[in-house]
Number of protein chains: 2
Amino acid sequence: MTERAAPSTIRDVANRAGVSTATVSRVLAGIGNPKAETVGAVMAAVEALDYRPSSVARSLRMKRTFTFGLVLTDIANPFFPELVKAADDAARQAGYSIVLSTSAYEEHRAVHYLNLMADRRVDGLIVASSQVAATSWEWLAHAPLPSVVVNVEPVGATTAVITSDNEGGMRLATEHLIALGHRRIAHVTGSFTFSAASVRLQGFRAACAAAGLDPDTMPVIDGDGQFGGGEAAARRLLAEFPDITGVVCYNDITAIGLLAGSRAIGRSVPADLSIIGCDDIAAAAWVSPALTTVAQQKGEMGRLAVEHLISLLDNPDQEQAASVLRLPMLLRIRETTGPAPAASRPR
Amino acid sequence: MTERAAPSTIRDVANRAGVSTATVSRVLAGIGNPKAETVGAVMAAVEALDYRPSSVARSLRMKRTFTFGLVLTDIANPFFPELVKAADDAARQAGYSIVLSTSAYEEHRAVHYLNLMADRRVDGLIVASSQVAATSWEWLAHAPLPSVVVNVEPVGATTAVITSDNEGGMRLATEHLIALGHRRIAHVTGSFTFSAASVRLQGFRAACAAAGLDPDTMPVIDGDGQFGGGEAAARRLLAEFPDITGVVCYNDITAIGLLAGSRAIGRSVPADLSIIGCDDIAAAAWVSPALTTVAQQKGEMGRLAVEHLISLLDNPDQEQAASVLRLPMLLRIRETTGPAPAASRPR
DNA sequence: ATGAAAGCGCTAACAA
DNA sequence: TTGTTAGCGCTTTCAT
């Protein structure tokens, strides 16, 4: 094989079966009442020629690609796999497929990738990010195709947003520590370019206040949402605030970094220090002690995003409203949280 | 906005600019020497109409999509992100984009997804898997498009394969332990449906033999390439072979499971037991102690796969030979390996 | 029940 | 330098 044979076309099939291309198209689509004889001839030709319809041609003609574009910031971010998988399943089940595109974290590239997907004429767009800037919202609002934004705080949102109850989730995490008797609790934030970072900080403070702990006296340390940020936080925290017995982290990766950093310094978890994360990525169950965390319903988000898109497509008259759906986060108690050390407990 | 406006076409632009569609096409492609005036008119119209060419139409006409399909078994497998990212970068740089598709692990679905990509008329296919069955090789050999298979032992290969030197990598891992004084070493295998599992076992045995350790006396425990398999192996290993001081694992996830399992049993790593993994996934650096491992050059694989595809496309006359490229694996010493405990060292 | 023909939006000869 | 035209492979009226 030196020259690769061109794929056979519907015309090849029609010729071989002695029918028109229209008939082939109908038979394959299961439309009308073709004679059994015709069906046989067509199928035989299809088989013989190994015919597979070009979805490029089909898309051009039907003005639909039966494809959704899923653009995400970073495929290496362990938050996404579960979301992608669920979206893929849901799409597939409805006769769509998903094409993935990674946007990196730069905003100008984001719009670039959105355009690329639109050029592909995908039928809808799912934007899964941790930060969506004004220009992107703008673009989405005027785009010639429907979209859903996932996993983002809806500041400036112009489309449907599906996200987690970040405030409530963090409250849940903080309350868990408080219930265990902790009174000196710190928070390691994410980068504030992530739209959820301030909301989660808010949740932390709210839970403290509700329990009668003055939030302003609780240390808040800047992290970056990465392993390194958590690791560094461990050093700062234990040097500057040695009385802290519990830490609520912006996300799991930060918590895992903090866990490693604490161990390096010689504090044992959870005996000396309790740590709780957020997201419930796969690695949370892999570290030891296994990380207690509040889980985002990642699969659910992906599934719902696809379903929303499909409903938007099915009712083209319905306006694409800027709605917000917040999924609750779920406490997953594992091994990094325990009772506050007796020594540091008041009374 | 109740009805979404249809995207404007090249004809709209031509009309508004008062030129023919051919001219618009040329101006946009930068072909010929259009008059500055014409260029201006066209660009103005493009701007005004917010025109973006349909890549669907372009693909149909040019019989090229400038897209590569990347089929991988499981997007949740932490082995892939780095590979995908590198492939994406390389493709982008050459004017291609990558569409991703997850095949799950079932072989019949794999062929299904290969067909789907072919229907999309992608220009080439990258199959990144840990197992490629005969039917897939068959399909690839007769497919109307070029392909590269990545990260697989080339048993039955019909196309170019880019993979790691699995045998050499495992030898490297084992030699590292031997150099640290370990003499009683075990191996936890992967599932043997992964094509690399037996080759890695082979490398383990070869290194033992080369160092004068009888491979037949070294425990080999069945794993599954998952966390659970490693965890279970810890229990079996320490119950049945308590004299073992070092373990070479099929992959990092297994090693991380083994690490967690060992700790649960009360063996301390690396003081009592040294553990080495394989792959170098992100989480290897996150666990503590951080996992020593041999790294696969995942990014390099992705980059090379794309480059090979492009060269195949540029020289369409060149036969798609079944070649094999093996990248060396790299030892990454971290914290889970150390000197063999003195007690168990002979002499 | 089937065929003829038009056309989706684009590019590439070929003419002018 | 630009326009005219044909056609990529498919679906879908409209006839028959």
Item to check | Partner set under side-chain contact (heavy atoms from CB on, under 4.5 Å) for B:L60, not counting sequence neighbours | outcome: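 A:V56, A:A57, A:L60.
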Item to check | Qualifying residues under side-chain contact (heavy atoms from CB on, under 4.5 Å), relative to A:V99, sequence neighbours excluded | outcome: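 side-chain contact (heavy atoms from CB on, under 4.5 Å) check on A:V99 returns A:T67, A:M117, B:V99, B:R120.
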For [range], which residue pairs qualify under salt bridge (charged side-chain N to carboxylate O under 4.0 Å, His left out), counting only residues two or more places apart or in two chains?
| range | result |
| --- | --- |
| residues 145-164 of chain B | B:E153-B:R326 |
| residues 131-148 of chain A | none |
| residues 76-93 of chain A | A:E82-A:K298, A:K85-B:D74, A:D88-A:R92 |
| residues 18-41 of chain A | none |

So does [Y] get a backbone contact from the side chain of [X], meaning a donor-acceptor N/O pair under 3.5 Å?
| X | Y | result |
| --- | --- | --- |
| B:D12 | B:T9 | yes |
| A:T38 | A:P34 | no |
| A:W137 | A:V132 | yes |
| A:T159 | A:V148 | no |

Item to check | side chain to side chain donor-acceptor pair (under 3.5 Å) partners of B:Y96, counting only residues at least two apart | outcome: B:R64
Item to check | Pairwise 5' ranking along DNA chain D for A:I10 and B:G18, keeping only the more 5' one | outcome: B:G18
Checklist outcome for this item: Note: for A:T23 and B:V19 on DNA chain D, the residue whose nearest nucleotide lies more 5' is B:V19
Item to check | Degree of bending in the helix from C:dA1-D:dT16 to C:dA16-D:dT1 once both end axes are built from five pairs, to 10° | outcome: 40°
Could you list all N or O pairs between the protein and nucleotides 6-8 of chain C that sit under 3.5 Å apart?
residue	atom	partner	partner atom	Å
C:dG7	N2	A:R61	NH1	3.3
C:dC8	O2	A:R61	N	3.4

Checklist entry - When the distance from CZ of A:R121 to P of C:dG9 is rounded to whole Å, what number comes out? => result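 Distance check: A:R121 CZ to C:dG9 P gives 9 Å.
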Item to check | Residues touching DNA chain D, which here means a heavy atom under 4.0 Å, drawn from residues 31-54 of chain B | outcome: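 Output list: B:N33, B:P34, B:K35, B:T38.
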Next on the checklist: Can you list everything that forms a salt bridge (Lys or Arg N to Asp or Glu O under 4.0 Å) with A:R16? Sequence neighbours excluded, please.
Outcome noted: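 With sequence neighbours excluded, A:R16 shows a salt bridge (Lys or Arg N to Asp or Glu O under 4.0 Å) to no residue whatsoever.
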Item to check | Given B:V27, B:V19, B:L49, B:T21, the one that forms side chain to side chain contact (heavy atoms under 4.5 Å, CB included) with B:V13 | outcome: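 Single pass found, and it is B:L49.
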Checklist entry - At under 4.0 Å between heavy atoms, what does A:V56 touch on the DNA or RNA strands: base, sugar-phosphate, or nothing? => result nothing
Item to check | Leading and trailing nucleotides of DNA chain D with any atom under 4.0 Å from heavy atoms of chain B | outcome: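 Both ends considered, the range comes out as D:dT1 to D:dG9.
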